Amino acid sequence: MNKRSGLGKSTLMNTLFKSKVSRKSVQATSQEKIPKTIDIKSVSHDIEEKGVRMKLTVIDTPGFGDQINNENCWQPIMKFINAQYEQYLQEEININRKKRIPDSRVHCCIYFIPPTGHCLRPLDVEFMRRLSKVVNIVPVIAKADTLTLEERDFFKQKIREELQANGIDVYPQKEFDDDAEDRMINDKIREMIPFAVVGSDQEYQVNGRRLLGRKTKWGTIEVENIAHCEFAYLRDLLIRTHMENIKDITSSIHYEVYRVRRLNENNTAVAHANGLPQHHMTSHEM
Ligand code: GDP
């Protein structure tokens, strides 16, 4: 999860946990393990979807992009993601490894784009360009209710063009489509990305039903109504339709890249320690 302050990120996460699929959300438990220096906070929720209980951990990056110089603000987040891969790797290569390795790997990064209506900022491009190589990125337009429908469509189109022009491959990545059916479903999602979302943790009575919404002078924006915004698409993608795939890609692509790189580093280090020149190692490389 990533954002600048005030983009509605906390609100959207509350919306996610309060919305229909996850109404049974049990109270959150804070995790202690995260190093404080990075200022990244993590909260776990138990949610239930179609009778299946699961733990969903949301990691917050307060203050992202708030500095005067935002050049390297992707770094602590990259570091955090790699630290989770490293932890998993260490468990995995342990001689007495556990049957079920505790998995704190980051499976998805929701990137909040401010609703400027113009184009991506250099910070957005830099962040997504770098992070899309290590984690699944799902970009969203924050506070989409501040844009008119025309502005929204224009902005979405513009962002898609910019992502492509900068070679940024966000989730669901085309190259990882499994088959023709997968491609068809994912093409539809790719045409809609970034989702223009509105968040709210307030419930209102609309036509006799209680709905999550934002009440304005002109009416209530129903956040789960696809005629009002694209929150429901995001929720379905994350929790209902693509959760397994998001985890699979993390494990088989992103983590694998990390694992291979780290094990190669180790081989090279061992080779150096044994006084072997580096080219002897090539046959051992994966
Ligand atoms: P965070 O700092 O990114 O976690 O932002 P918050 O969730 O704390 O929200 C900051 C402010 O924006 C609060 O006053 C929210 O009520 C408001 N807000 C959150 N989501 C939306 C939204 O979708 N649309 C609008 N217009 N305001 C929002």
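This structure is a prediction, so every number in the text was calculated from the model and none was measured. All residue numbers refer to positions in the sequence shown, counting from 1. Just follow the structure's listing: the first ligand is 1, and inside any ligand the first atom is 1.
Between K143 and G8 the shortest heavy-atom distance is CE-N, 4.0 Å. Looking at every heavy atom in both residues, L238 comes nearest to M243 through O-CB, 3.3 Å. Smallest separation of non-hydrogen atoms from Y85 and V134: OH-O, 2.6 Å. Shortest non-hydrogen contact noted between H254 and S132 is CE1-O, 3.7 Å.
An N or O contact shorter than 3.5 Å links G199 to ligand 1 by distance. Of the polar atoms of G8, at least one N or O is found under 3.5 Å from an N or O of ligand 1, judged by distance alone. Geometrically, ligand 1 and G6 share a nitrogen or oxygen pair separated by less than 3.5 Å. At least one N or O atom of S10 sits closer than 3.5 Å to an N or O atom of ligand 1.
Counting atoms of ligand 1 from 1 in the listed order, those under 4.0 Å from a heavy atom of L7 are 1 (P), 3 (O), 5 (O). The V198 neighbourhood of ligand 1 comprises atoms 23 (O), with distances under 4.0 Å to a heavy atom of that residue.
More than 12 heavy atoms of other shown residues, nucleotides or ligands fall within 6.0 angstrom of atom CD in Q205.
With hydrogens and angles ignored, the 3.5 Å screen pairs a side-chain donor or acceptor of T241 with a backbone N or O of D236.
When non-hydrogen atoms are compared, ligand 1 lies under 4.0 Å from the side chain of D145 (C-beta onward) but not from its backbone.
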